[in-house]
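Have a look at the structure below before the remarks.
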Amino acid sequence: MKTVVWGPGVKVTGVQHFDLEKTLFCGQAFRWTAERTRFFGVARGRALEAWQEEDSIFLSPCTLKEFDEIWQEYFDLKRDYGRLQSEARAFVGDEILPDIHILRQPLFETLITFILSANNHIPRIRGLVERLAERAGKPIPDWPGAYDFPGPEDLAGLSEAELRSLGCGYRAPFLAETAQRVMEGCLEGVGELPYDEAKKRLMALPGVGDKVADCTLLYGAGCMEAFPVDVWVHRALKERWGVEGSRPKLALEARKRFGVHGGYLQQVLFYESRQAGGKGA
DNA sequence: TTCCAGGTCAAGA
DNA sequence: TCTTGACATGGA
């Protein structure tokens with residue numbers, strides 16, 4: 001992998017086992033939009049246009065420093081997905097696995113967006129997240145109409161009634177209370193804790209159950225052993241291996257069985273299950 | 001119009 | 001510990 005300055009951005013060449021479109025639209029992030037083959041998104045106070053041509057990706061606007069400090073980690077470009085995939089085939093047989101990377105999104109944003117995901121549709125979650133950003137997030141300099149995801153203090157500044165008016169529904173008090181508790185420091189150091197302790201800490205927050213905690217750890221803390229089980233993954237586990245049981249029980253068993261390959265495999269099952277169900281990427 | 005969604009929570013068995 | 005029903009909302 002090599003980076004060069006290219007116009008106002010950065011071109012990264014020699015990127016193997018990475019499908020930008022599948023990675024951005026497989027249900028782990030809610031802030032990316034597509035215009036033909038170009039994608040626009042916001043993370044960590046930056047707006048970005050990104051696209052891919054074979055094994056090269058283009059990021060703009062972006063400096064080499066920003067690539068090193070922000071986007072390389074966000075897109076999880078340092079991990080060897082070729083190796084991860086070949087190891088994962090021990091569990092799923094000799095099939096071609098999609099080049100989906102597990103994004104490393106901001107922890108608070110991941111937590112809140114997945115609280116919103118509970119009993120909700122992906123298109124509606126996207127709309128909700130966007131409205132929250134426009135209402136409470138800081139505007140991105142030099143990018144009209146783009147807003148960063150609100151920080152804990154921004155979100156805590158909204159009343160429960162305002163959150164409901166944005167469409168959060170019964171999740172409004174969960175968001176308000178969670179934002180308040182995060183402001184008081186309940187997320188500090190969570191990313192460095194062992195899986196079980198980190199999960200316990202997250203599940204102490206309102207609106208965070210077994211599945212939302214796993215999503216937060218996987219997509220917001222790089223915890224590759226987290227294995228969120230939702231309706232789609234539950235369906236896939238049943239069809240593929242004939243396993244039965246409650247979702248938390250299946251998540252526990254999958255974690256034991258797949259170890260650090262669990263997070264990636266779970267995303268593959270989710271992606272394939274939705275493709276088969278006609279929901280697309 | 002009805003169904004359903006990347007679930008969680010509280011109550012009751 | 002496990003099961004059950006309520007919960008807001010709007011896309012399909």
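Letters A, B, ... are given to chains in the order of the sequence lines, protein chains preceding strands, and every chain is numbered from 1.
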**Report entry** A:Gln28 side-chain N/O to A:His101 backbone N/O, donor-acceptor pair under 3.5 Å
**Finding:**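 Yes; at least one donor-acceptor contact below 3.5 Å.
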Query raised in the report: Can you tell me if A:Asp99 uses its side chain to pair, donor with acceptor, with the backbone of A:Asp19 under 3.5 Å?
Result: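 Answer holds: no.
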Measure the distance from [atom1] on [X] to [atom2] on [N] and round it to the nearest whole Å.
X        : N      : atom1 : atom2 : value
A:Leu202 : B:dG7  : CG    : C1'   : 15 Å
A:Glu130 : C:dT9  : CD    : P     : 20 Å
A:Arg131 : C:dG10 : CZ    : C1'   : 9 Å
A:Arg126 : B:dA5  : CZ    : P     : 18 Å
A:Arg124 : C:dT9  : CZ    : C1'   : 4 Å
A:Asp210 : B:dT8  : CG    : P     : 7 Å
A:Ile125 : C:dT9  : CD1   : P     : 16 Å
A:Ile115 : B:dA5  : CD1   : C1'   : 17 Å

With a non-hydrogen cut-off below 4.0 angstrom, is [X] in contact with a base, only sugar-phosphate, or nothing?
X        : result
A:Gly27  : base
A:Leu205 : sugar-phosphate
A:Arg235 : sugar-phosphate
A:Val233 : base

Query - Inter-nucleotide P distance (C:dA8, B:dA11), Å rounded - result: 15 Å
Could you please name the option among [options] that lies closest to any side-chain atom of [X]?
X        : options              : value
A:Pro123 : B:dG7, C:dG11, C:dT9 : C:dG11
A:Phe174 : B:dC9, B:dG7, C:dG10 : B:dC9
A:Asn120 : C:dT9, C:dG11, C:dC7 : C:dT9

Query raised in the report: Would you call A:Asp76 and A:Arg79 a salt bridge, taking side-chain N to carboxylate O under 4.0 Å as the test?
Result: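 Counted as a salt bridge, because a side-chain N and a carboxylate O are separated by less than 4.0 Å.
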Requested in this report: Look at A:Glu95 together with A:Arg240 and state whether they make a salt bridge at an N to O cut-off of under 4.0 Å.
Outcome: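 Salt bridge between A:Glu95 and A:Arg240, a charged N being under 4.0 Å from a carboxylate O: yes.
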Query raised in the report: CD of A:Glu35: more than 12 outside heavy atoms within 6.0 angstrom?
Result: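 Not buried by this count: 12 neighbours or fewer within 6.0 Å.
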Query - OP1 or OP2 of C:dC7 under 4.0 Å from side-chain N/O of A:Arg171 - result: no
